[in-house]
There are 2 protein chains.
Amino acid sequence: MATIKDVAKKAGVSVATVSRAINGKGYVHEDTRKQIDEAIRELNYKPNEVARSLFNKKSRLIGLILPDIRNPFFPELARGVEDEMQEHGFRLIIGNADEKLEKELDYIETFKQNNVIGLISASTNEVLSHYDNLSFPLVLLDRTSVEHPSVYANGLDGGRLAAKELVSRGCKRISVLKGPVETQTARDRFKGAVDELYTANVHFDVMTTSFAFQEAEYWAKELFSKYPDTDGVIASNDVVAAAVLHEAHRLGKQIPEDLQIIGYDDIPFSQFLYPPLSTIRQPAYDMGREAAKLLIKLMDGKKVENKNILLPVQFIERQTTRKVERDD
Amino acid sequence: MATIKDVAKKAGVSVATVSRAINGKGYVHEDTRKQIDEAIRELNYKPNEVARSLFNKKSRLIGLILPDIRNPFFPELARGVEDEMQEHGFRLIIGNADEKLEKELDYIETFKQNNVIGLISASTNEVLSHYDNLSFPLVLLDRTSVEHPSVYANGLDGGRLAAKELVSRGCKRISVLKGPVETQTARDRFKGAVDELYTANVHFDVMTTSFAFQEAEYWAKELFSKYPDTDGVIASNDVVAAAVLHEAHRLGKQIPEDLQIIGYDDIPFSQFLYPPLSTIRQPAYDMGREAAKLLIKLMDGKKVENKNILLPVQFIERQTTRKVERDD
């Protein structure tokens with residue numbers, strides 16, 4: 001009967017590696033795992049049942065924590081992560097933390113207990129200490145961090161760009177809707193916009209809003225009751241922008257003549273709004289892909305030079321902003 | 001030192017129940033589990049480490065399979081499931097099957113191996129045989145089944161209602177966009193609409209479309225190129241309706257004067273479209289809640305009289321349909 005040594009020899013790896021693969025403790029590279037699997041099959045090697053079940057069950061499972069699956073930005077992120085992971089034979093399970101720390105902690109616990117071998121988190125919680133002593137690699141997504149690997153888009157540029165485009169299109173009284181600023185990316189986005197507006201010496205007001213659907217309508221009404229003369233809105237995200245657009249229609253405002261609006265994210269729905277929403281595009285799907293790639297490298301134990309990957313944002317010109325007349 | 005018998009006595013349950021709780025094999029009711037947990041703590045009972053880790057890790061985990069998290073209908077379902085599960089102390093992990101059987105099978109395997117104690121599936125696959133021999137309870141969501149417990153909304157009524165509302169508002173050339181009809185609910189929806197249109201003797205055309213975002217724009221263009229005279233659209237869902245509305249604007253059609261549109265689902269975004277979308281509302285969040293409730297009952301081993309729960313749909317009148325003048 002074949003022994004673990006025979007398997008190791010045939011697969012061309014150490015006994016420790018075979019043991020690691022069989023016991024599901026620690027990460028084993030995909031190719032190595034395939035070799036071991038093949039050797040086991042060819043030699044008809046039988047580890048005991050418990051070990052075998054662990055071998056089958058562990059070590060292909062990745063956890064993903066999303067803050068709010070109802071916001072279409074996050075399913076886009078998730079799809080990017082998922083497609084990359086699937087191409088590499090990993091399985092992804094998703095936990096929706098609902099922007100609550102308690103639920104987030106709960107999911108981390110669940111993932112640990114179910115032997116995930118890597119975690120991607122798009123947490124929106126300010127504190128991240130619960131990610132400090134994980135036994136598997138972690139990548140933060142849609143947020144920055146000094147301590148942890150992360151993939152995020154350039155919020156400072158995004159905020160700046162939104163302000164710049166409105167100013168260049170003649171807005172004189174701009175409302176900046178500031179999202180919840182627990183995360184550095186959201187703070188950056190706000191800072192970018194405000195810096196640009198200061199520099200341009202344009203009047204602006206600031207209102208703090210939520211990012212969520214259920215409250216977007218409320219904030220849109222608040223906005224026009226507080227600042228009825230506003231002629232430009234920098235929305236905290238596309239969901240809020242959609243609500244502002246809706247409310248503006250209700251008040252009989254002409255878009256973009258009376259009021260210009262810029263969203264943030266470029267979720268799939270934004271193109272179907274009327275007028276179609278001009279927005280700052282975060283490459284959500286690509287961010288997901290990049291985070292997955294980075295995590296896979298980390299799980300492979302590869303040396304990673306740049307653990308904080310910054311992706312560019314981009315102004316998507318649609319019709320809630322005026323055309324700039326450049327050649328007239 | 002306390003024994004398992006002491007724990008059973010103190011908790012007022014059988015040794016078998018305590019063993020089941022500790023070994024994470026089979027379901028133990030929440031209240032019973034709490035009593036056992038308390039008894040264990042009071043008596044300072046120590047099961048061996050493996051058993052304890054199983055006690056902690058197993059038996060609170062529920063799997064949810066969604067067909068497409070990018071369609072906002074499904075995150076709504078998921079939130080309903082999640083809220084109900086959370087109130088009962090369960091944890092929910094989500095798998096996105098991407099409308100692919102292979103991914104769905106993969107998730108079922110993953111859930112099995114991670115010891116979920118119950119599964120809710122919103123599968124869109126025609127074949128369901130892979131759900132036949134699970135070792136834990138299953139509830140199908142957003143689809144009907146004779147063999148399995150299920151929670152779904154009344155597609156027949158929904159289709160009928162959509163047709164009726166367009167006919168009563170004067171549409172003479174209706175386009176029925178038929179979604180992918182792998183599932184009985186989608187077939188019912190289509191049948192309801194067509195039956196009603198036959199009965200009313202109104203001209204109609206049928207076009208088969210996808211439900212997905214990425215393709216919605218294509219179908220919208222196809223629609224108006226094939227049936228330029230259509231004056232009423234029964235869309236397969238709200239995503240497709242949004243694309244049709246967008247394309248109608250592009251073609252300069254007046255809504256609802258030239259063209260009336262009815263969606264299906266009532267996703268959160270529909271209220272923010274312009275004009276706001278009239279649609280058939282499926283109570284997604286409540287469907288999720290009901291599915292969770294049913295699953296919990298099944299996991300409790302309770303006798304369930306009605307294992308196929310049908311929820312009503314409702315016409316949400318917004319502004320893509322004309323006002324009916326009733327008293328003029």
Side-chain angles (χ1 to χ4, degrees), chain A residues 50 53-54 56-58 60-61 63-64 66 68-72 74-76 78-79 82-83 86 91-96 98 100 102-103 106-107 109-116 212-214 216-217 220 239 241-247 249-250 255 267-269 271-276, chain B residues 50 53-54 56-58 60-61 63-64 66 68-72 74-76 78-79 82-83 86 91-96 98 100 102-103 106-107 109-116 212-214 216-217 220 239 241-247 249-250 255 267-269 271-276:
Chain A
V50 174
S53 102
L54 288 168
N56 289 326
K57 107 180 178 196
K58 284 187 182 175
R60 303 306 287 170
L61 203 61
L64 171 64
L66 297 179
D68 177 11
I69 50 169
R70 283 208 258 203
N71 180 340
F74 295 109
E76 280 295 306
R79 281 306 310 274
E82 201 177 21
D83 285 356
Q86 212 204 356
R91 290 169 178 171
L92 186 73
I93 48 175
I94 301 172
N96 179 43
D98 202 19
K100 291 188 183 79
E102 201 193 326
K103 282 183 97 173
D106 230 40
Y107 275 118
E109 204 47 44
T110 302
F111 290 157
K112 272 186 199 166
Q113 288 169 353
N114 288 281
N115 304 305
V116 304
F213 248 115
Q214 308 85 281
E217 198 162 1
V239 170
V244 169
L245 188 56
H246 176 73
E247 183 64 13
H249 280 306
R250 215 185 54 86
I255 316 278
I267 58 177
F269 243 101
Q271 59 180 309
F272 293 144
L273 293 174
Y274 184 79
Chain B
V50 174
S53 101
L54 288 169
N56 289 327
K57 108 178 175 196
K58 284 191 183 174
R60 304 306 285 169
L61 203 62
L64 172 63
L66 297 181
D68 177 11
I69 51 169
R70 282 207 259 203
N71 179 340
F74 295 109
E76 281 295 305
R79 283 306 311 273
E82 200 177 21
D83 286 357
Q86 212 205 357
R91 288 168 179 171
L92 187 72
I93 50 176
I94 301 172
N96 179 43
D98 204 18
K100 292 188 182 79
E102 199 192 328
K103 283 184 97 174
D106 229 41
Y107 275 118
E109 206 45 46
T110 302
F111 289 158
K112 272 186 199 165
Q113 287 169 352
N114 289 282
N115 304 306
V116 303
F213 249 114
Q214 307 87 281
E217 199 163 1
V239 170
V244 169
L245 188 56
H246 176 73
E247 183 62 15
H249 280 307
R250 215 185 54 86
I255 317 277
I267 58 177
F269 243 101
Q271 59 179 309
F272 293 144
L273 293 174
Y274 184 78

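Each chain gets a letter, A, B and so on, in the order its sequence line appears, and its residues count up from 1.
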Max heavy-atom pairs within cutoff under 4.5 Å with chain A, candidates B/D68, B/T110, B/L245, goes to B/T110

With A/K100 via side-chain hydrogen bond (donor to acceptor under 3.5 Å, both in side chains) - residues at least two apart: A/D98

Which bit of A/E109 comes within less than 4.5 Å of chain B, counting heavy atoms only: side chain, backbone, both or neither? both

Nearest heavy-atom approach of A/Y107 to B/L92 is OH-O, 2.7 Å

With a 4.5 angstrom heavy-atom cut-off, could you sort out which part of B/K112 is near chain A: side chain, backbone, both or neither? neither

Under 4.5 Å heavy-atom distance to chain A, tell me which part of B/I267 shows up: side chain, backbone, both or neither. side chain

Atom CD1 of A/I94 and atom CD1 of B/I93: how far apart are they, to the nearest 0.5 Å? 10.5 Å

Among A/A243, A/A216, A/G95, the residue with the most heavy-atom pairs under 4.5 Å to chain B is A/A243

By side-chain hydrogen bond (donor to acceptor under 3.5 Å, both in side chains), which residues pair with B/D106, not counting sequence neighbours? A/R91

First locate atom CG of A/N96, then atom CD of B/Q86, and finally report the distance between them rounded to the nearest 0.5 Å. 10.0 Å

Heavy-atom closest contact (A/P276 atom, B/H246 atom, distance): CG-CE1, 3.6 Å

Minimum heavy-atom distance between A/F272 and B/V239, given as atom pair plus value: CE1-O, 4.5 Å

Does atom CD (A/Q214) have a neighbourhood of more than 12 heavy atoms from anything else shown, all under 6.0 Å? yes

Where do A/A242 and B/F269 come nearest, in terms of heavy atoms and distance? CB-CE2, 3.6 Å

Can you tell which part of A/F74 gets under 4.5 Å to a heavy atom of chain B, answering side chain, backbone, both or neither? neither

Part of B/E247 lying under 4.5 Å from any heavy atom of chain A: neither

If you measure from CD on A/E82 to NZ on B/K103, what distance do you get to the nearest 0.5 Å? 3.5 Å

Side chain from CB out, backbone as N, CA, C, O: work out which of these in A/P72 comes under 4.5 Å of a heavy atom of chain B, or both, or neither. side chain

Applying a strict 4.5 Å limit to non-hydrogen atoms, the region of B/I69 in contact with chain A is both

